[in-house]
Protein chains: 2
Amino acid sequence: MDRLDRKILRLLQEDTTLAVADLAKKVGLSTTPCWRRIQKMEEDGVIRRRVALLDPVKINTKVTVFVSIRTNSHSMEWLRRFSEVVAEFPEVVEFYRMSGDVDYLLRVVVPDIAAYDAFYKRLIAKIEIRDVSSAFAMEQIKYTTQLPLDYMIIDQKTGEE
Amino acid sequence: MDRLDRKILRLLQEDTTLAVADLAKKVGLSTTPCWRRIQKMEEDGVIRRRVALLDPVKINTKVTVFVSIRTNSHSMEWLRRFSEVVAEFPEVVEFYRMSGDVDYLLRVVVPDIAAYDAFYKRLIAKIEIRDVSSAFAMEQIKYTTQLPLDYMIIDQKTGEE
DNA sequence: TTTGAAACCGAGACGTC
DNA sequence: GACGTCTCGGTTTCAAA
């Protein structure tokens, strides 16, 4: 992968509506090679999928809650079961195993506090958890699916630009 | 919006590659009305954008760090400046103003701990922050851009299905 | 071996019934 | 909601660099 691939990815992370020909122009490439690079990156799994992003407000899920979880059961088995349970809840959009103080962190999206409370009850009904603490986001100041491309490992052969 | 719109959104949140005709079939609609519904939802801003999702591992940003921030300056002015600074860093993919103990929460993606340290130094060089605490994710168990559609406000006229 | 132009063909974007 | 048309863009081929 080189700088041109990076440019292509940068554009595709913003908008996949862009026609290959236009994209090629912006990147400074002609259509065919640009198209081939995209194909390759799809094959290689660099490009995972192409999806639609919706407006959380219009979908009635504007409230984000971060849920910190501590557990007693540090077994693989418990984690497996917990992962299964969490996967069932579409409200959980992110789920991390953490180092340090907290064991797991969830990002949950719901319409309002009442809905969060309902979600919470459904969750703890499904699985035993030692300690749960919820932090509410008042405002989402930034949210992007665009990963920084500056750390990409670049094939230097191509030289400048 | 009704149940059919919801079905359409569910599919588009998974994959925008799907041809309108195929999507229509899955939803149980013929092509034109399905296409028109999509158009409408784009106009209405329910569908925000269509983007490519990349593989964090391949892009060399597999480490997620949650950064909790406390500040002394609770002024609008400080927040404005802080937002500006944060917006400059592509490593910050999410940024929330929180209620309670912590004032702000960032999700930062980097290749490794060393890169996080470098990021951290660049950040605090740019703006005064009272207290910063970083929590590292060991594993990303779930990450989705698909919002739950169960809370959508549905026009009941259509009745069942 | 890689590139770019040009042709092919299917799908999207509408208008009309 | 079904057609039909028109157009544009993705895909492939092929000649040239």
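Side chains are part of it too, since the values below use all heavy atoms of this structure and drop only hydrogens, waters and symmetry mates. Chain A is the first sequence line, chain B the second, and so forth, proteins listed ahead of strands; every chain is numbered from 1.
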Quickly work out the [X] [atom1] to [N] [atom2] distance and round it to whole Å.
X: Glu42(B); N: dA13(C); atom1: CD; atom2: C1'; result: 12 Å
X: Lys40(B); N: dA13(C); atom1: NZ; atom2: P; result: 17 Å
X: Leu4(A); N: dT2(C); atom1: CG; atom2: P; result: 15 Å
X: Lys25(A); N: dC8(D); atom1: NZ; atom2: P; result: 13 Å

What's Leu29(A) touching, base or sugar-phosphate or nothing? Going by heavy atoms closer than 4.0 Å.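 Answer is nothing: Leu29(A) stays at 4.0 Å or more from every strand.
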
List the residues meeting salt bridge (Lys or Arg N to Asp or Glu O under 4.0 Å) with Arg49(B), not counting sequence neighbours, and say none if there are none.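 Arg49(B) satisfies salt bridge (Lys or Arg N to Asp or Glu O under 4.0 Å) with no other residue.
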
Quick one: list whatever passes side-chain contact (heavy atoms from CB on, under 4.5 Å) with Leu11(B), sequence neighbours left out.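 Expected list: Leu23(B), Lys26(B), Val27(B).
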
Donor-acceptor pairs are to be reported for all side-chain atoms of residues 51-60 of chain A against protein atoms at under 3.5 Å, with residues two or more places apart or in another chain.
residue: Asp55(A); atom: OD1; partner: Val57(A); partner atom: N; Å: 2.8
residue: Lys58(A); atom: NZ; partner: Asp44(B); partner atom: O; Å: 3.0
residue: Asn60(A); atom: ND2; partner: Tyr151(B); partner atom: O; Å: 2.9

Every protein N/O within reach of nucleotides 9-11 of chain D N/O, cut-off under 3.5 Å:
residue: dG10(D); atom: OP1; partner: Val20(A); partner atom: N; Å: 3.3
residue: dG10(D); atom: OP2; partner: Val20(A); partner atom: N; Å: 3.2
residue: dT11(D); atom: OP2; partner: Trp35(A); partner atom: NE1; Å: 2.6

**Asked** Do the side chains of Val86(B) and Phe119(B) join up, straight or via other hydrophobic residues, at under 4.5 Å, putting them in one cluster?
**Response**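 Linked, Val86(B) and Phe119(B) end up in one cluster.
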
Within the sub-3.5 Å range, which N or O atoms of nucleotides 15-17 of chain C have a protein N or O partner, and how far apart are they?
none

Donor-acceptor under 3.5 Å (Thr16(A) side chain, Arg50(B) main chain):
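Looks like yes, one N/O pair under 3.5 Å.
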
- Using modelled atom types only, decide if a donor and an acceptor are shared between the side chain of Gln13(B) and the backbone of Leu147(B) within a distance under 3.5 Å.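 It does hold such a pair.
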
_If you compare all heavy atoms of Met152(B) against all heavy atoms of Asp2(B), which two are closest, and at what distance to 0.1 Å?_
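Met152(B) and Asp2(B) have their closest heavy atoms at CE-O, 4.4 Å.
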
Which pairs of donor and acceptor atoms, one on a side chain in residues 123-130 of chain A, lie under 3.5 Å apart (sequence neighbours left out)?
residue: Lys126(A); atom: NZ; partner: Glu88(A); partner atom: OE1; Å: 3.1
residue: Arg130(A); atom: NE; partner: Asn72(A); partner atom: OD1; Å: 2.8

